[in-house]
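Given the structure is predicted, the values throughout are model-derived calculations rather than measurements.
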Amino acid sequence: MKTSYKVSLGGVIASLCLVMMFLTAVFPILSMTLPLFAGALVAVVAIEISRSWAFVTYAVIVVLAFFVTPDKDAWLFFTFLFGYYPILKSYFEGFKVKLIAVLCKLAVFDAAVAAIFYILMNILGTLDLFEEFGFYNEWLIPALFVFGNLVFVMYDYVLSVLVECYKKWFRPTFLRKMK
């Protein structure tokens with residue numbers, strides 16, 4: 001595969017991801033959804049080229065998105081979870097024991113969410129957010145992790161369906177003459 005194809009595909013995917021990350025300022029209600037879709041686009045690079053090239057594309061997006069994304073929460077979720085997870089997902093799904101794959105996926109999710117909350121509360125100064133909930137504070141964080149894990153399992157399933165649709169429908173229909 002030619003280097004020019006790799007660079008151009010990575011550049012197109014990176015620019016689409018940057019547009020989505022910028023749009024988090026235009027549509028604040030989509031501040032979680034747009035980074036999720038941007039991460040799904042990174043999976044295209046992993047499928048078409050390689051995981052290592054996808055990680056390079058992810059790193060470029062993270063650096064550039066820091067400057068163009070007004071919503072730093074969205075940038076954090078892309079950087080610490082949605083940007084690299086589609087690449088790791090393909091690695092985890094190669095495990096022979098599916099339970100280990102699921103546990104690894106959940107461990108990555110929980111570690112990422114813990115890092116995001118730590119940064120939000122201690123570095124970006126949103127520590128008062130959880131103090132406003134008063135006596136719910138001791139149950140709020142575990143409940144968020146349980147609910148988050150359930151939502152993450154659904155996200156993982158939907159991402160699998162999107163990757164299969166890309167491989168079986170979009171790629172043969174629109175990209176068959178590209179290579």
Spacing of OG1 belonging to T57 relative to CG belonging to L41, to within rounding of 0.5 Å
11.5 Å

Taking the six-membered ring for Trp, are the ring centroids of Y91 and F95 within less than 6.0 Å of each other?
yes

Using the rule that two of Ile, Leu, Val, Met, Phe, Trp, Tyr join whenever any of their side-chain heavy atoms come within less than 4.5 Å, decide whether V102 and Y84 are in one cluster.
yes

Distance to the ring centre below 6.0 angstrom and angle to the axis at most 45 degrees; does that hold for K72 and F66?
yes

Can you list every pair that meets side-chain hydrogen bond (donor to acceptor under 3.5 Å, both in side chains) and has a residue in residues 17-42, with sequence neighbours left out?
none

So which atom in M20 and which in F37 form the shortest heavy-atom distance, rounded to 0.1 Å?
SD-CB, 3.7 Å

What are the two closest heavy atoms between R51 and S90, and how far apart are they?
NE-OG, 3.1 Å

For the residue pair A38 and C17, what are the closest heavy atoms and their distance?
O-SG, 3.2 Å

Could you give the distance from CG (D71) to CG (L34), rounded to the nearest 0.5 Å?
9.5 Å

Spell out, yes or no, whether V161 and F92 are grouped together once hydrophobic residues are joined by side-chain heavy atoms under 4.5 Å, including indirect joins.
no

Please evaluate residues T79 and L76 with respect to the criterion side-chain contact (heavy atoms from CB on, under 4.5 Å), reporting the C-alpha separation (whole Å), side-chain torsions for both, the decisive distance (0.1 Å), and the verdict.
CA-CA 5 Å; T79 301; L76 280 172; 5.7 Å; no

Report yes if the side chains of V68 and L64 come closer than 4.5 Å at any heavy-atom pair, otherwise no.
no

Can a donor-acceptor pair be found, under 3.5 Å and without considering hydrogens, that links the side chain of Y157 to the backbone of V153?
no

Closest non-hydrogen atom pair between G39 and P86, with its separation
O-CG, 3.1 Å

Is there a side-chain contact between L144 and F117 (heavy atoms, below 4.5 Å)?
yes

To which residues is V151 joined in a hydrophobic cluster, defined by side-chain heavy-atom contacts under 4.5 Å among Ile, Leu, Val, Met, Phe, Trp and Tyr, whether direct or through other members?
F147, M154

I would like to know whether E48 and R171 meet side-chain contact (heavy atoms from CB on, under 4.5 Å); could you show each step before the answer?
CA-CA 9 Å; E48 293 296 328; R171 190 180 192 191; 2.9 Å; yes

Short side-chain donor-acceptor distance under 3.5 Å, K89 and S160
yes

Is there a path from L30 to Y155 through hydrophobic residues (I, L, V, M, F, W, Y) whose side chains come within less than 4.5 Å of each other?
yes

Answer yes or no: are there more than 12 heavy-atom neighbours, outside K98 itself, under 6.0 Å from its atom NZ?
yes

Within this structure, what is the CZ-CD1 distance for the pair F78 and I61, rounded to the nearest 0.5 Å?
4.5 Å

When you measure from the side chain of W53 to the backbone of G10, do you find a donor-acceptor pair of N or O atoms at a distance under 3.5 Å?
no

On a heavy-atom basis, which atom in I87 and which in V42 lie closest, and how many Å separate them?
CD1-CG1, 3.6 Å

Rounded distance (nearest 0.5 Å) linking atom CG of L159 with atom CG of L36:
8.0 Å

Atom CH2 in W75, atom CZ in F67: separation rounded to 0.5 Å?
9.5 Å

Closest contact, heavy atoms only, P35 versus F82
O-CB, 3.5 Å

Ring geometry between Y166 and F170 (parallel below 30°, tilted from 30 to 60°, perpendicular above 60°)
parallel

Consider only side-chain heavy atoms of I, L, V, M, F, W and Y, link residues closer than 4.5 Å, and tell whether V56 and V62 are in one cluster.
no

Quick one: do Y85 and F152 satisfy side-chain contact (heavy atoms from CB on, under 4.5 Å)? Show the steps, please.
CA-CA 11 Å; Y85 177 74; F152 179 74; 3.3 Å; yes

Answer yes or no: are there more than 12 heavy-atom neighbours, outside L150 itself, under 6.0 Å from its atom CG?
yes

Could you tell me if the ring centre of F27 sits under 6.0 Å from that of F22?
no

What donor-acceptor contacts under 3.5 angstrom involve side-chain atoms of residues 103-114, with partners at least two apart or in another chain?
| from | atom 1 | to | atom 2 | distance (Å) |
| --- | --- | --- | --- | --- |
| K105 | NZ | E93 | OE2 | 3.1 |
| K105 | NZ | D156 | OD2 | 3.1 |
| D110 | OD1 | N149 | ND2 | 3.2 |

Working to the nearest 0.5 Å, report the span between CG of L18 and CD1 of I13.
11.5 Å

Identify whether I47 and W169 are in the same connected component of the hydrophobic contact network (ILVMFWY, side-chain heavy atoms under 4.5 Å).
yes

